[in-house]
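These notes are about the structure you will find just below.
Naming convention: chains lettered A, B, ... in sequence-line order (proteins, then strands); numbering from 1 in each chain. As the structure is a computational prediction, the values presented were derived from the model and not from experiment. Every heavy atom of this structure was used, including side-chain atoms; hydrogens, water molecules and symmetry mates were not.
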There are 2 protein chains.
Amino acid sequence: MGRTEDLKAKGLDLGGLDGTFGFLLHAAWRDAARTFAEHFAETGITPLGYSILLLIARNPGCAPGDLCEIMGVTSNNMTRLIDDLSRRSLIERTVHAADRRARRLQLTAQGAATLEGLRARHAAYEADFNDRIGAERIDRLCEILRHFD
Amino acid sequence: MGRTEDLKAKGLDLGGLDGTFGFLLHAAWRDAARTFAEHFAETGITPLGYSILLLIARNPGCAPGDLCEIMGVTSNNMTRLIDDLSRRSLIERTVHAADRRARRLQLTAQGAATLEGLRARHAAYEADFNDRIGAERIDRLCEILRHFD
DNA sequence: TATTGTTATACTCTATAACTATA
DNA sequence: TATAGTTATAGAGTATAACAATA
């Protein structure tokens, strides 16, 4: 079971925190981030970086602004995430011919190859949680989380 | 509905991200954090600070280490969170008589009074989400999230 | 030796604002 | 005047390591 179950057994009064969705959401996200970091150790890829690579793979030529909207990251921060992946030669950023303000993003050959390894790690990470939490619960979780902004 | 629903309508391929619980969990947590910040604007209280105040109120005399365990925060970081609340005269930190290594944490009178106002804000914040997401969904969400560590 | 808490430090994520270059 | 992206900067959260005081 989860952490809150263990703690109540120790006589500490959680003061309703274990019924507070924000507290639980934060804890669950940190669990996911920590587990992601374990599975992606020594790749230097963070959850945000992985999302970007995945999105560029599916939408070659997309613009940073597209990723901002999907990922909920502001453009200034997206620039730095893209800088990092670009500096590591995983993606290529070129000026858009039609609108020279915009940029076109694409995976490099190295980026595409790297992504395959990352997909395998991600599958293992998800299998990890399916084992721990239950695949059916994870599905119901996703269904509910899609109602958030 | 949620953000992912809107985005799919724009022709962007999310590449399975909207079925990835980690991506959805991150987005939902940011939604919760952003909404919390709106409701707690100008109080200077963050989600972590609110949790600490709540826990000290329910467990007067508890030690920083107790809070670390409940909240999943390491002790070095807890020190700084407590420093902040202490500097603002909301809590009092005294040396534990029986074990002089430990500290005893208590709300000050000002802290207790402040907490009442914060509880009202938190109730409004939760009502906000119950309206947006549905109280029954939030309940089911909590039930699932308690399985995480 | 082990434990409680503190200090120092660094990195990631997030946010606001000011800026460049295009349109 | 508006938009796409960049640069600068700051604050919050998280993490590791080294340390002090006490047990």
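Nearest to the side chain of B:Ser75, among C:dT14, D:dA21, C:dG5, sits C:dG5. Closest to the side chain of B:Leu48, out of D:dG13, C:dT6, C:dC13, is D:dG13. Checking D:dT7, C:dT12, C:dT22 against every side-chain atom of A:Arg100, the shortest atom distance belongs to C:dT22. Comparing atom distances between the B:Asn77 side chain and each of C:dT14, D:dG13, D:dA15 picks out D:dA15 as nearest. Taking every side-chain heavy atom of B:Ala63 into account, C:dG5 is the closest of C:dG5, C:dT6, D:dA12. In this structure, the nucleotide among D:dT7, D:dA12, D:dT22 sitting nearest to the side chain of B:Thr46 is D:dA12. Considering only side-chain atoms of A:Arg103, the nucleotide from D:dT9, D:dG5, C:dA23 that sits closest is D:dG5.
Using cut-offs of 30° and 60° on the angle between ring planes, the pair B:Phe40 and B:Phe36 is parallel. Classification of the B:Trp29-A:His26 ring pair by plane angle, with boundaries at 30° and 60°, yields parallel.
Nearest-nucleotide positions on DNA chain C place A:Pro47 closer to the 5' end than the other of A:Pro47 and A:His96. The 5' end of DNA chain D is approached more closely, in terms of each residue's nearest nucleotide, by B:Val73 than by the other of B:Ala97 and B:Val73.
Contact annotation: B:Arg34 does not reach the phosphate of D:dA12 (side-chain N/O to OP1 or OP2, under 4.0 Å). Taking only side-chain nitrogens and oxygens, B:His26 comes nearer than 4.0 Å to OP1 or OP2 of C:dT14.
For B:Arg101 against C:dT3, a side-chain N or O and a base N or O form a donor-acceptor pair under 3.5 Å.
Protein atom CG of A:Asp84 is 12 Å distant from nucleotide atom C1' of C:dC11, rounded to whole Å. The separation between B:Tyr50 atom OH and D:dG13 atom P is 16 Å, rounded to whole Å. Rounding to whole angstrom units, CZ of residue A:Arg30 and C1' of D:dG13 are separated by 9 Å.
Salt-bridge formation is detected for the pair A:Arg88/A:Asp84: a Lys NZ or Arg NE/NH1/NH2 atom is positioned less than 4.0 Å from an Asp or Glu carboxylate oxygen. A salt bridge links B:Arg140 to B:Glu136: one of the charged nitrogens lies within less than 4.0 Å of a carboxylate oxygen.
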